[in-house]
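First comes the structure, then the notes that go with it.
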Amino acid sequence: EDPAYVADTLFQNLVFAGTPYSHPEDGTLESLPRITAGDLRSFHTRYYQPANCILAVVGDISTPEAFARAAQFFSAWKNAAPPVLTPAAAPLRREERQAVAIDKPDAVQTEIRIGSLGVPRGSPDYLALSVANEILGGPSENRLFKALRSRQGLTYGASSDLVCRRDLGAWVAKTFTRTPETVKSVHIALEQIRSLREHEISRSELETAQSYLVGHLALDFETSEDVASQILELIQNNLPLDYWNRYPDQ
């Protein structure tokens, strides 16, 4: 298997342990044979209902026409017993840090993931954390890349991601390096994480990160499909529909 995929899946399994979020979206070789056609039909009947769906229409169509067509094609679709959707349970928390290694003797490089639980998408801390994440490992200001690649030549890439879903979230730093440089690379990455937590960021880093996030926003709304996706994301995460209008100021 691809080492990067294995590392991402393992991190997801560990950080979200005890919740459905810990399961790989693609399933596993062990789980696939256990899924039956009856399971799929039952899932579809239970969850694919009008009360549990959102229809987004974006394009060269008027509001009355959109409603008329929705009624034409979907008015006969009736609810069964509505599904009971409960928030995901809290992940299993550990008192101490955990290090996990997968030994692959034939590997010429090591995939590294460092992270922790984060915040859900609707958290009031999300915007501030997006700026901090941009500074640590984003495309504009990337301390991890500068430390690991530019100064030490240990990798070709380093980044960090906020994984924010409706009920749970995580934060993860990612890089890879030559196998003999694994420990050194981990230490340098941890130093950058510690520095971000313990010291103030510079004004130039802050402004660069903010400018990138605001400037990049237009690319997320280039097509009608993009607009529909963004609107659906807001509704799914219980965010106000004017969220993106207020985003630059916030």
Side-chain angles (χ1 to χ4, degrees), residues 8 11-12 14-16 19-22 25 54 56 58 85-91 93 112-148 157-175 189-250:
D8 289 335
F11 175 81
Q12 176 179 315
L14 292 171
V15 77
F16 292 129
T19 79
Y21 288 131
S22 68
E25 291 88 347
I54 305 163
V58 179
L85 302 178
T86 57
R93 292 182 178 270
I112 298 169
R113 302 293 183 270
I114 303 171
S116 66
L117 286 172
V119 299
R121 181 63 178 82
S123 167
D125 293 324
Y126 174 79
L127 292 173
L129 289 172
S130 359
V131 176
N133 179 69
E134 191 67 30
I135 292 170
L136 182 68
S140 63
E141 281 288 330
N142 190 328
R143 290 187 181 184
L144 289 171
F145 185 87
K146 291 175 182 176
L148 289 164
S159 63
S160 63
D161 292 326
L162 282 178
V163 182
C164 298
R165 300 193 172 106
R166 184 170 63 184
D167 299 318
L168 297 173
W171 167 86
V172 56
K174 303 179 178 183
T175 191
L190 287 172
E191 286 172 4
Q192 295 304 312
I193 295 166
R194 188 179 300 112
S195 175
L196 185 71
R197 185 179 68 239
E198 296 178 354
H199 304 287
E200 290 187 359
I201 60 176
S202 69
R203 172 59 60 180
S204 62
E205 281 183 311
L206 175 63
E207 292 177 349
T208 300
Q210 290 172 321
S211 296
Y212 176 85
L213 289 170
V214 173
H216 190 268
L217 187 61
L219 299 179
D220 295 329
F221 292 87
E222 282 191 304
T223 67
S224 297
E225 181 180 358
D226 292 336
V227 175
S229 297
Q230 294 294 341
I231 295 299
L232 286 173
E233 181 183 333
L234 293 180
I235 298 173
Q236 287 171 330
N237 290 292
N238 298 317
L239 296 169
L241 292 179
D242 64 347
Y243 178 90
W244 293 117
N245 300 77
R246 298 183 289 108
Y247 179 82
D249 290 334
Q250 290 189 328

[X] and [Y]: which non-hydrogen atoms are nearest, and at how many Å?
X      : Y      : result
Val172 : Val163 : CG1-CG2, 4.5 Å
Leu234 : Leu241 : CD1-O, 4.0 Å
Gly115 : Phe11  : CA-CE1, 3.6 Å
Phe221 : Asp226 : CA-CB, 4.0 Å
Ala158 : Thr175 : CB-OG1, 3.8 Å
Leu136 : Gln192 : CD1-O, 4.0 Å

Please check: side-chain N/O of [X] versus main-chain N/O of [Y], any donor-acceptor pairing under 3.5 Å?
X      : Y      : result
Ser160 : Ala173 : no
Ser211 : Thr208 : no
Asn142 : Leu144 : yes
Ser123 : Pro120 : no
Gln12  : Tyr21  : yes

Over 12 foreign heavy atoms within 6.0 Å of [atom1], [X]:
X      : atom1 : answer
Glu198 : CD    : yes
Arg246 : CZ    : yes
Glu207 : CD    : yes

Spacing of [X] atom [atom1] and [Y] atom [atom2] [to the nearest 0.5 Å]:
X      : Y      : atom1 : atom2 : result
Leu129 : Glu134 : CG    : CD    : 13.0 Å
Leu239 : Gln230 : CG    : CD    : 11.0 Å
Glu205 : Leu196 : CD    : CG    : 8.0 Å
Tyr243 : Glu233 : OH    : CD    : 8.5 Å
Tyr126 : Cys164 : OH    : SG    : 5.5 Å
Tyr247 : Leu217 : OH    : CG    : 6.5 Å

- Message: Please determine whether side chain to side chain contact (heavy atoms under 4.5 Å, CB included) holds for the pair Val58 and Ile231, giving the CA-CA distance in whole Å, both sets of side-chain angles, and the decisive distance to 0.1 Å.
- Response: CA-CA 10 Å; Val58 179; Ile231 295 299; 5.6 Å; no
- Task: State whether Glu25 and Arg165 are salt-bridged, where the test is any N-O pair (Lys NZ or Arg NE/NH1/NH2 against Asp/Glu carboxylate O) under 4.0 Å.
- Result: yes
- Item | side chain to side chain contact (heavy atoms under 4.5 Å, CB included) evaluation trace for Arg166 with Arg121 | CA-CA 5 Å; Arg166 184 170 63 184; Arg121 181 63 178 82; 6.0 Å; no
- From CA spacing to verdict: side chain to side chain contact (heavy atoms under 4.5 Å, CB included), Leu168, Leu117: CA-CA 8 Å; Leu168 297 173; Leu117 286 172; 5.8 Å; no
- Query: Between Tyr212 and His216, how do the two ring planes meet: parallel, tilted or perpendicular, split at 30° and 60°?
  - Reply: parallel
- Task: For the residue pair Ser130 and Asn133, confirm or rule out a side-chain donor-acceptor distance under 3.5 Å.
- Result: no
- Task: Would you indicate whether the side-chain heavy atoms of Ile193 and Arg143 approach each other to under 4.5 Å?
- Result: no
